[in-house]
There are 2 protein chains.
Amino acid sequence: MKEDSRLAEIAALVGDPARANILTALLDGRALTAGELAYFAGVSPQTASGHLAKLTESRMLALHKQGRHRYYRLATPQVGRMIEGIMEVAIAAPERYRPASKVDPALRTARTCYDHFAGRLGVGLAEALGARGHLVLAEEAGEVTEAGIEFLSGFGLDLAEARRCRRAYCRPCLDWTERRPHLGGAIGAALAARCFALRWVERQRDSRALTITAAGRRGLDEVFGLRL
Amino acid sequence: MKEDSRLAEIAALVGDPARANILTALLDGRALTAGELAYFAGVSPQTASGHLAKLTESRMLALHKQGRHRYYRLATPQVGRMIEGIMEVAIAAPERYRPASKVDPALRTARTCYDHFAGRLGVGLAEALGARGHLVLAEEAGEVTEAGIEFLSGFGLDLAEARRCRRAYCRPCLDWTERRPHLGGAIGAALAARCFALRWVERQRDSRALTITAAGRRGLDEVFGLRL
DNA sequence: GCCACGCTTCGGTCGCGGCCGAAGCGTCGA
DNA sequence: TCGACGCTTCGGCCGCGACCGAAGCGTGGC
């Protein structure tokens, strides 16, 4: 019976709005300072400090000291997936606020989801690949077809490397603004990395939102037939 | 910024020990009455009633009325996966109580994890299949080999059916008592169902723990080379 | 029709925990 | 050496929510 007091403990930590804000701000894998996180959380620095101490003590965040700054980041990918798992349930919860209309439009268009693309960009890529028979996404699993392997390799992805690493190779990830799956897993991460390398997309300061560059707009249309 | 108030809301619901107990009691997919859940949660019926109302209102539980009983169950598989996701993070949290020694030994030996096997039984099966080259489990994904498909089909699993259903085909699931992965996904569920059908294992009343029958002990040894 | 039973609703108590102001600590730059 | 800065610690306030006793509601059995 005592077995899940730990469960409740962790969930309760995520269950405070300020801490939830902190965790989602870190969801894209970047490390942020205590001050930035206080701003994101909408609380005073001293309050945020307390929250950060708790999250670090529970091993959900990792701390890296640098000069007079303290950088916090998600301690493990599990933490990110846990948050996503809770979000999946949260979007199915009653629409006390209507779904996505209040969300920052930039965030709806394109953002990172831990290490891959989400928003209209992420969903669009997944559907473009699906429409051309390069990808099959089911509810809980996904598969890249032969044609897809050839296509993505041609686009510059190192699929052998992606296969090698110890994580889900190809995983659908339910998009909480679009309510349709986008592409996660090693393939999703590799695709995102390639787009960053090509400077098709760029991170925005203080946000998980992404900017699609002019080159990106052109490239996405030419290569994937995707217009946003 | 408002986007994740929903996240915090759901997490906070899980974050209460009584509600966490309720959710874990339902983790094996069975439906339980309000009274049973009150007992599991360790609170009075009227307190439990309040918790159940909140969980139902937030669409985490589904309610089925039958006579003067009210049966509650997890509303969707997502909820189960969310709980497992939180548990994964929870077992990595500091060992304020040492890991598994206080857990009911029966629960450590064999239990259900949503719809597949966990505990020494679950981990043992996964490792037995792995040792014989029937299964490859990485950190976040898994694969059944050609030989494994043949072997499991011979054991009576309908793999084509498992392939067909819209869920992860083969998924490692970190076991929180053994701290090693066991076999989840459609394959894990099919394997568990087959063992139930053979009456190798039986559910225990009031617990997720499983009893391995004499026939089960024999069969597991003969077919999988597994002794518990 | 009656009571027993399972469950929920209501009302009031109480404790945990989030919050901020003030003060303290370490780091950087001049 | 001094002050500005980033961050944490301390102390006290306050509100939310978990909790249970008592009462109410619907179902089933006799």
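It should be emphasised that the depicted structure is a prediction, and the values quoted were computed from it without experimental measurement. What's counted below: heavy atoms across the whole structure, side chains too, no hydrogens, waters or symmetry copies. By convention in this document, chain letters (A, B, ...) are assigned in the order of the sequence lines, proteins followed by strands, and residues within each chain are numbered from 1.
Rounded to whole Å, the distance from CD on E36(B) to P on dC7(C) is 8 Å. As a whole-Å value, the separation of L55(B) CG from dC7(C) P is 16 Å. With rounding to whole Å, Y72(A) atom OH is found 9 Å from dT8(D) atom C1'. The distance between atom CG of L52(B) and atom C1' of dC19(D), rounded to the nearest whole Å, is 15 Å. The interatomic distance linking H51(A) (NE2) with dC20(C) (C1') rounds to 11 Å, in whole Å. Going from atom CD of E57(A) over to atom P of dT9(D) covers 11 Å, rounded to whole Å. At whole-Å resolution of the value, NE2 in H69(B) and C1' in dC7(C) are 10 Å apart. When rounded to the nearest whole Å, the span between CG of L61(A) and P of dT8(D) equals 12 Å.
Between W200(B) and F224(B), the ring planes lie perpendicular to each other; the angle is over 60°, past the 30° to 60° tilted range.
Judged by distance alone, with hydrogens and angles left aside, the side-chain atoms of T24(B) form a donor-acceptor pair with the main-chain N or O of A20(B) at under 3.5 Å. Side-chain N or O atoms of R111(A) include none that pairs as donor or acceptor with a backbone N or O of A118(A) at under 3.5 Å. Not a single donor-acceptor pair under 3.5 Å links the side chain of R70(B) to the backbone N or O of T33(B). Listed for the R194(B) side chain is a donor-acceptor partner under 3.5 Å among the backbone atoms of F155(B).
Atom CZ of residue R203(B) and atom OG1 of residue T112(B) lie 5.5 Å apart, to the nearest 0.5 angstrom. The CG atom of L63(A) sits 12.0 Å away from the CG atom of L55(A) when rounded to the nearest 0.5 Å. Rounding to the nearest 0.5 angstrom, the gap separating the CD atom in E88(A) from the CD atom in Q78(B) is 5.5 Å.
For E202(A), the side-chain contact (heavy atoms from CB on, under 4.5 Å) partners are R199(A), T213(A), not counting sequence neighbours. For T211(B), the side-chain contact (heavy atoms from CB on, under 4.5 Å) partners are Q204(B), not counting sequence neighbours.
Nucleic acid contact class of Y71(B) (heavy atoms, under 4.0 Å, all strands): none.
In terms of phosphate contacts, T33(B) brings a side-chain nitrogen or oxygen within less than 4.0 Å of OP1 or OP2 of dC7(C). Taking 4.0 angstrom as the limit, S49(B) places a side-chain polar atom (N or O) nearer than this to OP1 or OP2 of dT8(C).
Sequence order on DNA chain D of the closest nucleotides to A18(B) and G50(A) puts G50(A) first from the 5' end.
Side-chain contact between H182(A) and L125(A) is absent, with no heavy-atom pair separated by less than 4.5 Å.
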Under 3.5 Å between N/O atoms: give me all the protein pairs with nucleotides 13-17 of chain C, atom names plus distance.
none

Got a list of protein N/O to nucleotides 27-30 of chain D N/O distances below 3.5 Å?
unit_1: dT27(D); atom_1: O2; unit_2: R68(B); atom_2: NH1; d: 3.4

Between protein and nucleotides 21-25 of chain C, what N or O pairs are separated by less than 3.5 Å?
unit_1: dG21(C); atom_1: N7; unit_2: Q46(A); atom_2: NE2; d: 2.7

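Contact between V89(A) and M60(B) at its shortest, heavy atoms only, is CG1-CG, 4.0 Å. Among all heavy-atom pairs drawn from L37(B) and A25(B), the shortest one is CD2-CB, 4.1 Å.
With no hydrogens or angles considered, no side-chain donor-acceptor pair links Q46(B) and S49(B) at under 3.5 Å.
Over its full length, the helix from dG1(C)-dC30(D) to dA30(C)-dT1(D) turns its helical axis through 30°, comparing axes from the five pairs at each end and rounding to 10°.
You'll find that the side chain of T47(A) is closest to dC19(C), out of dT8(D), dC19(C), dC20(D).
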